[in-house]
There are 2 protein chains.
Amino acid sequence: MASRSDTKTRILDAAEKLFAERGFSETSLRLITSKAEVNLASVNYHFGSKKELIRAVLARYLDVFMPAASTEIKRLDAVPTQATLEEILSSLVAPLLDLNQLRTEGTTIFLQLLGRGYIESQGHLRWFITTHYGQHLDAFVRAVSASAPHIPPAEMFWRLHFTLGTIVFTMASADALNDIAAAEFGEHNDIEAVIRKVIPYMAAGVSVPVSPQ
Amino acid sequence: MASRSDTKTRILDAAEKLFAERGFSETSLRLITSKAEVNLASVNYHFGSKKELIRAVLARYLDVFMPAASTEIKRLDAVPTQATLEEILSSLVAPLLDLNQLRTEGTTIFLQLLGRGYIESQGHLRWFITTHYGQHLDAFVRAVSASAPHIPPAEMFWRLHFTLGTIVFTMASADALNDIAAAEFGEHNDIEAVIRKVIPYMAAGVSVPVSPQ
DNA sequence: GTTTAATTTAAACGAGTGTTTTAAATTAAT
DNA sequence: ATTAATTTAAAACACTCGTTTAAATTAAAC
């Protein structure tokens with residue numbers, strides 16, 4: 001019966017799993033608390049509201065991932081030769097996969113949550129992410145832009161969001177896609193294999209020359 | 001007071017707009033009927049349920065777009081020279097933009113609805129689309145595969161789903177992204193501009209050589 | 001013009017939502 | 001051991017949701 005101090009953790013663990021697989025507004029607090037085997041009211045006691053629970057779920061990952069990602073970006077910045085786009089994107093793979101040892105299926109869940117947040121939210125999550133982790137995002141955007149100097153900033157803005165869509169959608173349906181790929185082509189990919197497949201796709205799209213018209 | 005016979009149309013028009021901009025489950029029947037200035041119960045009278053209303057909203061576009069898209073693909077297939085990937089993707093732009101003369105902002109609404117459908121649905125929309133329009137989708141996949149013969153089928157499977165994610169996510173958040181782009185870069189893009197931006201991105205990603213490793 | 005059918009209306013239903021309240025139980029501090 | 005603070009528990013609140021019902025209205029058929 002949930003020794004007191006881990007009630008918060010039990011809620012977060014249950015919430016992130018449910019949020020990731022069915023979305024925020026499709027997941028009721030009653031479903032979360034029943035899966036977590038805690039009382040309904042404890043959500044509002046520990047987090048204040050559902051909105052703040054959503055932010056807490058995301059923050060638990062972002063607080064680990066963002067600094068780790070920034071470290072990788074800085075490491076690449078320190079090297080005198082300009083990093084390629086593939087190198088930049090690949091440098092985030094380790095921080096992403098490290099989330100798996102933070103929590104079971106951490107990588108998948110984190111990326112799915114990110115996608116849900118961007119799609120569902122009316123702004124409060126976007127605001128939360130950009131104000132709390134904006135510096136890390138800026139460093140990433142700068143690194144990517146430097147690796148593809150022929151892409152104007154406005155164009156880069158769009159392509160980075162295309163990229164976000166690519167990775168987010170892929171991760172959201174990675175399990176289903178892996179099942180199909182296994183049945184259809186005899187492929188047996190784990191999450192890392194999928195990430196390694198998607199990186200060349202994204203890198204090619206981001207850096208393709210802007211068509212003159 | 002809504003001359004009787006166009007009550008269905010008033011509902012569909014109001015519903016598609018609201019569905020596109022806030023998603024299916026975030027849009028209540030009460031909001032739809034108040035915008036349409038019809039009675040709440042008329043939705044269930046004319047469509048049976050909310051689910052069927054959603055399908056009706058999508059079908060109104062798919063029934064026009066899918067045959068038009070298939071015609072374009074067939075036209076490319078008839079030409080002796082192999083079409084490029086960009087040509088194939090670009091051939092869908094005209095059918096997409098034609099939706100604008102079907103209804104105000106038809107193109108935007110249709111693509112956003114598609115995105116919402118793929119992201120939100122628990123399956124019933126995916127099922128609806130693939131069973132009703134699967135033949136058109138198959139022709140498209142065959143054409144794309146022929147344009148990039150250096151991509152093995154298994155890899156193409158993944159890349160087409162990456163592409164689906166790209167377009168679906170982009171369209172679902174097109175309004176929000178356009179707002180940011182306008183504030184940040186002074187860009188004022190319509191939906192066609194976004195489509196023209198995303199096509200080279202997707203074409204480059206789908207056809208990039210598979211990295212040997 | 002009366003009858004019949006189709007449509008619209010207002011009201012209520014039942015289920016589900018996030019949140020708050022009140023009280024009990026548990027833990028920590030004095 | 002007693003007091004205070006924290007945590008859990010059960011219940012209710014106020015609200016929204018999709019759907020249904022039954023009466024009123026409109027249009028069509030005869």
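Below, chain A is the first sequence line, B the second, and so on; all start at residue 1.
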Using side-chain hydrogen bond (donor to acceptor under 3.5 Å, both in side chains), reason through B:Ser25 and A:Glu26 one step at a time and then give a plain yes or no. CA-CA 8 Å; B:Ser25 56; A:Glu26 310 286 339; 2.5 Å; yes
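The side chain to side chain contact (heavy atoms under 4.5 Å, CB included) with B:Ile199 is formed by just one residue from the set B:Val93, B:Leu92, B:Val194, B:Leu85; it is B:Val93.
Proximity of a side-chain donor or acceptor of A:Arg116 to a complementary backbone N or O of A:Ala20 within less than 3.5 Å is detected.
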Using a cut-off of under 3.5 Å, enumerate the N/O to N/O pairs linking the protein to nucleotides 14-17 of chain C.
{"from": "C:dT17", "atom 1": "OP1", "to": "A:Ser28", "atom 2": "OG", "distance (Å)": "3.3"}

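One interatomic measurement links the two molecules: CD1 of A:Ile32 to C1' of C:dT19, which rounds to 14 Å at whole-angstrom precision. Atom CG in B:Leu18 sits roughly 16 Å away from atom C1' in D:dG18 (whole-Å rounding). The nearest whole Å value for the distance from the NZ atom in B:Lys8 to the P atom in C:dT7 is 9 Å. Here the P atom of nucleotide C:dA6 and the CG atom of B:Asp6 are 19 Å apart, to the nearest Å. Atom CG of A:Asn39 is separated from atom C1' of C:dT22 by 13 Å (rounded to the nearest Å). Separating the CD atom of A:Glu37 from the C1' atom of D:dA9 is a distance of 15 Å, rounded to the nearest angstrom. Rounded to an integer number of Å, the gap from B:Phe47 CZ to D:dG18 C1' is 15 Å. To the nearest angstrom, P of D:dA10 lies 11 Å from CG of A:Leu40.
A:Arg103 forms a cation-pi arrangement with A:Tyr61, by the criterion of a distance under 6.0 Å to the ring centre and an angle within 45° of the ring axis.
One finds a side-chain N or O of A:His46 lying less than 4.0 angstrom from the OP1 or OP2 phosphate oxygen of D:dT8. The shortest distance between the side-chain N/O atoms of A:Thr7 and the OP1/OP2 oxygens of D:dT8 is below 4.0 Å.
One distance of note links OG1 of A:Thr108 with CD1 of A:Ile195; it measures 7.5 Å at 0.5 Å rounding.
Centroid-to-centroid, the aromatic rings of A:His136 and A:Phe140 stay 6.0 Å apart or farther. A ring-centre distance under 6.0 Å is not found for B:Phe169 and A:Phe169.
Comparing D:dT7, D:dT21, C:dT8 by their nearest atom to the side chain of A:Tyr45 picks out D:dT7.
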